[in-house]
Amino acid sequence: MTASTQFDLTGKVAVITGGSRGIGKSIAHCFADAGASIVIASRKQEGLDKGAKEIEKSGASVLTVATHTGNDEAVQMLASKTMDTFGAIDIVVNNAATNPYFGPLFGSDESHWDKIWQVNVKGYYKVANACLKSMRDRGGGKIINVASILGKIPGSGMGIYSISKAAVIMLTKVMAQELAQDNIQVNAIAPGFVKTDFSRALWQNERLHGAIIRQIPKGRMADPDEIGGIALYLASSASDYTTGETIFVDGGQSLGPSI
Ligand SMILES: NC(=O)c1ccc[n+]([C@@H]2O[C@H](COP(=O)([O-])OP(=O)(O)OC[C@H]3O[C@@H](n4cnc5c(N)ncnc54)[C@H](OP(=O)(O)O)[C@@H]3O)[C@@H](O)[C@H]2O)c1
């Protein structure tokens, strides 16, 4: 097998949650360039339309489905609309996540826990579960869960979010173990700080941004396009013997700052 066939996604159908912008859109672009048909799902149709227009430039077929990934009915609808349009699902990227609360763990409301858990953990399981039958019927598939470096290092003021991302790392292992017999590989990507809307409050604040940069040996935050290539590896046959892994893409931040 050549390098280009290993990374080829021609004939594959990929569902990407949170695909309208940021990391999800960058992953969608990469998969579209590699030949996949793309389904992007997020809550707001306006953002999906904008994202789809950009992704379609590569010549890929793109379906948009307005979906709240914490909602059972919406998730079922995402899977059934994908099946109606493309007839199959081969790749699922669980990427849509939320963090409605910045502050200490001791002082948080139960509603913060519920919201974060509903989308960041149960939402990932629900989307994978809704797409599972098609992957089994196809004789295999790929599930990619977007975790975070904060699943390994607690983010100050982001405790519940950090706990949810640690859960995503374990969810990935459990899914990988259960689905290995179905030839479905399940892996996670754990980005460090990436310049997107999600992290805007951090990189637009000069003091915070400076403090973050000092923790990263690479000396800068990532661009969303620096995540797409890793996702392509995990979505393609190049990763057929890789499962249950979490790949940290963090500019060396897990290593600690360099002196
Ligand atoms: N940026 C970082 O520094 C960073 C670092 C580590 C990990 N991550 C992780 O990377 C992933 C993507 O983050 P990002 O930085 O690309 O964020 P982003 O630019 O804010 O994009 C988030 C995407 O998720 C969608 N979304 C949010 N809540 C949703 C829900 N309940 N249901 C469906 N879609 C929803 C958004 O669209 P709508 O608003 O239309 O729903 C949007 O498409 C997340 O899992 C995040 O935890 C980010």
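In this text, all values refer to a predicted model and were calculated from it rather than measured experimentally. Start at 1 and go down the list; that is how both ligands and their atoms are numbered.
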For this session: May I ask you to decide if the ring planes of His112 and Tyr101 are parallel, tilted or perpendicular, using 30° and 60° as cut-offs?
Result: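 The rings of His112 and Tyr101 lie parallel, inter-plane angle below 30°.
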Exercise. Between Leu202 and His209, is any pair of side-chain heavy atoms under 4.5 Å apart?
Worked result: no
Exercise. Quick one: are Lys50 and Ser20 in side-chain contact, heavy atoms under 4.5 Å?
Worked result: no
Exercise. What do you reckon, does Thr98 have a nitrogen or oxygen under 3.5 Å from a nitrogen or oxygen of ligand 1?
Worked result: no
Exercise. Is there at least one pair of N or O atoms, one from Ile149 and one from ligand 1, spaced under 3.5 Å apart?
Worked result: no
Exercise. Under a 4.0 Å N-O cut-off, is there an ion pair linking Asp114 with Lys122?
Worked result: no
Look at [atom] and say which protein heavy atom is nearest, naming residue and atom and giving the distance to 0.1 Å.
atom: atom 37 (O) of ligand 1; value: Ser42 CB, 3.3 Å
atom: atom 29 (C) of ligand 1; value: Arg43 NE, 3.5 Å
atom: atom 21 (O) of ligand 1; value: Arg21 NE, 3.5 Å
atom: atom 3 (O) of ligand 1; value: Val194 N, 2.8 Å
atom: atom 24 (O) of ligand 1; value: Gly18 CA, 3.3 Å
atom: atom 32 (N) of ligand 1; value: Thr69 N, 3.1 Å
atom: atom 35 (C) of ligand 1; value: Ala96 CB, 3.5 Å
atom: atom 46 (C) of ligand 1; value: Tyr161 OH, 3.5 Å

Distance alone, cut at 3.5 Å: any donor-acceptor contact between the side chains of [X] and [Y]?
X: Asn183; Y: Gln185; value: yes
X: Asp72; Y: Gln76; value: no
X: Thr64; Y: Gln45; value: yes

Ignoring hydrogens, just give me the one of [options] whose non-hydrogen atom is nearest [atom].
atom: atom 4 (C) of ligand 1; options: Gly192, Ala41, Ser148; value: Gly192
atom: atom 10 (O) of ligand 1; options: Val75, Ile23, Val65, Ile16; value: Ile23
atom: atom 40 (O) of ligand 1; options: Lys44, Met158, Gln45, Lys115; value: Lys44

Which of the numbered atoms in ligand 1 are below 4.0 angstrom from a heavy atom of [X]?
X: Val119; result: 31 (N)
X: Ala97; result: 27 (C), 28 (N), 44 (C), 45 (O), 47 (O)
X: Ser20; result: 37 (O), 42 (C), 43 (O)
X: Ala147; result: 7 (C), 9 (C)
X: Gly22; result: 16 (O), 19 (O)
X: Tyr124; result: 45 (O)
X: Phe193; result: 3 (O)
X: Asn95; result: 10 (O), 11 (C), 12 (C), 44 (C), 45 (O)

N/O donor-acceptor pair under 3.5 Å between [X] side chain and [Y] backbone:
X: Asn94; Y: Tyr124; result: yes
X: Lys165; Y: Ile149; result: no
X: Ser236; Y: Gln6; result: yes
X: Asn187; Y: Thr242; result: yes

Exercise. Where on Leu48 is there a heavy atom closer than 4.0 Å to ligand 1, on the side chain, on the backbone, on both, or on neither?
Worked result: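 The answer is neither.
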Problem set entry | Mode of Lys165 contact toward ligand 1 - side chain, backbone, both, neither (heavy atoms, under 4.0 Å) | side chain
Problem set entry | Distance flag, aromatic centroids of Phe198 and Tyr161, threshold under 6.0 Å |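 Yes, the ring of Tyr161 comes within the 6.0 Å limit of the ring of Phe198, centre to centre.
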Exercise. Do you know which two heavy atoms are closest between Cys30 and Gly229, and how far apart they sit?
Worked result: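 For Cys30 and Gly229, the tightest heavy-atom pair comes out as SG-N, 3.9 Å.
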Exercise. Under 4.0 angstrom from ligand 1, any heavy atom of Thr17?
Worked result: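 Thr17 does not count as a contact of ligand 1 under the 4.0 Å cut-off.
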Exercise. With a cut-off of under 6.0 Å to the ring centre and 45° to the axis, is Lys12 in cation-pi contact with Phe31?
Worked result: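 No, a cation-pi geometry is absent between Lys12 and Phe31.
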